[in-house]
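This report refers to the structure that appears directly beneath it.
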Amino acid sequence: MKENFEKIVSLAKRRGFIYPGSEIYGGLGGFYDWGHLGVKLKWNIEWAWWREMVQLRDDVVGIDAALIMNPKVWEASGHVSGFADALVECKKCHHRFKADETKGDECPDCGGKLTGAKQFNLMFKTFVGASEDSSSVAYLRPETAGGIFVNFKNTLSTNRLKIPFGIAQIGKAFRNEINPKDFVFRTREFKQMELEYFVKPGEDEKIFNEWVERRFAWYKTIGLGDVRKREQTKEERAHYSKATTDIEYEFPFGWQEIEGIANRGNFDLSAHAKASGQDFSYLDEETKERFIPYVIEPSAGEERIALALLCDAYTEEKERVVLKFHPKIAPVKVAIFPLLANKPELVKLARKIYEELRLEYTAVWDDRGNIGKRYYAQDEIGTPYCITVDFDSLEKSDVTVRDRDSMKQERIKMKDLKEYLNGKIV
Ligand code: GAP
């Protein structure tokens with residue numbers, strides 16, 4: 001497993017999924033850049049999430065809030081005082097660790113003695129405006145949720161919503177992690193896909209359980225069948241949480257969280273109401289009851305899901321390496337080849353098919369080397385279908401479609417190609 005992980009990291013760079021950030025200057029710990037295929041992979045994850053969580057629901061609307069907000073947001077939410085990890089430092093090599101990742105008082109790297117734990121706030125600080133003093137301090141958001149809570153009233157008054165309803169957001173979050181590790185698993189800049197689902201107190205536990213099941217089932221739809229649920233202990237839970245269930249995937253470095261579903265009670269809306277002086281209560285028009293809604297929050301990490309998908313898809317076979325992505329998730333859906341690059345009539349027809357298909361799917365063109373090499377290159381990035389135009393195509397108006405996983409080839413009439421692919425890709 002560990003050996004495979006090194007190969008996955010190397011493939012991710014070699015084929016343009018993920019590069020180390022600022023590489024030419026020696027990198028910067030916990031930051032990565034996503035290349036052409038990585039961007040497409042992430043878009044597909046985002047779209048699969050958004051489709052399920054917003055597009056197909058009447059009770060959820062979206063938002064895209066600012067990354068930097070008034071620091072009072074993070075004071076009220078408890079992040080300024082409480083969003084910290086316990087940090088220990090080796091007295092000999094001065095490496096720093098999260099206290100819960102060390103055993104006893106010995107440093108994992110050199111055997112030196114560790115200092116006692118001290119609290120380290122994970123928020124990145126910056127300054128807004130031309131002065132750099134305490135009055136201009138601001139934070140990069142440590143979770144996207146903050147931007148949702150402060151827009152609770154705006155969203156309610158500008159959309160036709162009744163409780164229960166949700167506000168969804170996909171966006172960057174930043175944490176100055178003590179020890180970023182395991183490639184893009186724990187980084188200092190990452191994307192969250194979060195839903196804050198507002199419910200009537202008393203209905204929270206039932207709706208929490210429903211969201212856990214719904215989110216668990218979603219992973220199958222993107223081809224990640226082998227995930228498990230795990231309830232967090234009281235000690236593990238964030239300061240705002242009444243209950244949290246994680247969805248975990250078994251990475252080559254062990255079972256780890258890719259999403260957390262939390263019951264945040266009315267912690268956030270109450271805290272913002274108190275700190276801002278605004279009324280965050282909700283009036284149920286039918287029962288005339290007024291209450292501060294509770295919040296159920298499914299919160300997923302985009303890069304962690306991308307990494308899980310890469311690990312899950314990575315397959316070594318006798319003569320090839322294949323990324324067996326679900327077609328919905330595959331960055332490239334279809335590749336089009338002329339059998340021979342030096343035969344203009346084949347190139348012309350293949351090009352025509354390519355131009356038509358690329359209007360609907362992410363398609364690539366390849367006319368280099370022999371067909372075997374082209375298949376190999378597409379298998380390695382997980383392209384589910386390869387189409388070859390050969391001499392028969394000129395006479396019979398059909399093409400060869402090769403399936404990535406079975407490697408079987410079928411002749412399909414050109415006029416039926418879109419229907420054929422639609423049935424498999426969309
Ligand atoms: N609003 C709730 C919240 O932020 P969290 O468990 O701290 O909860 C939610 O984060 C998700 O964000 C995690 O399940 C994980 O997928 C992702 N995440 C958190 N910290 C991360 C990091 N340092 N690097 C990459 N992803 C991270």
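Just follow the structure's listing: the first ligand is 1, and inside any ligand the first atom is 1. Values reported hereafter were calculated over all heavy atoms of this structure, with side chains retained and with hydrogens, waters and symmetry mates removed. All residue numbers refer to positions in the sequence shown, counting from 1.
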Apply ring-ring contact (aromatic ring centres under 6.0 Å, His included) to His239 and list each qualifying residue two or more places apart in sequence or on a separate chain. His79, Phe267
Which class fits the ring pair Tyr282 and Phe165: parallel under 30°, tilted 30 to 60°, perpendicular over 60°? tilted
Under a 4.5 Å cut-off applied to non-hydrogen side-chain atoms, are Phe291 and Ser281 in contact? no
Will you find, in the side chains of Thr245 and Glu231, an N or O donor that is under 3.5 Å from an N or O acceptor? no
Only one of Arg15, Arg374, Arg404, Arg320 passes salt bridge (Lys or Arg N to Asp or Glu O under 4.0 Å) with Asp379; say which it is. Arg320
Contacts for ligand 1, heavy atom under 4.0 Å, by chain and number, are Glu143, Arg175, Glu177, Phe185, Arg186, Thr187, Phe190, Gln192, Glu194, Tyr240, Glu257, Ile258, Glu259, Gly260, Arg264, Glu297, Ser299, Gly301, Arg304
Looking at Lys229, I want to see if its NZ is surrounded by more than 12 non-hydrogen atoms of other residues, nucleotides or ligands under 6.0 Å. yes
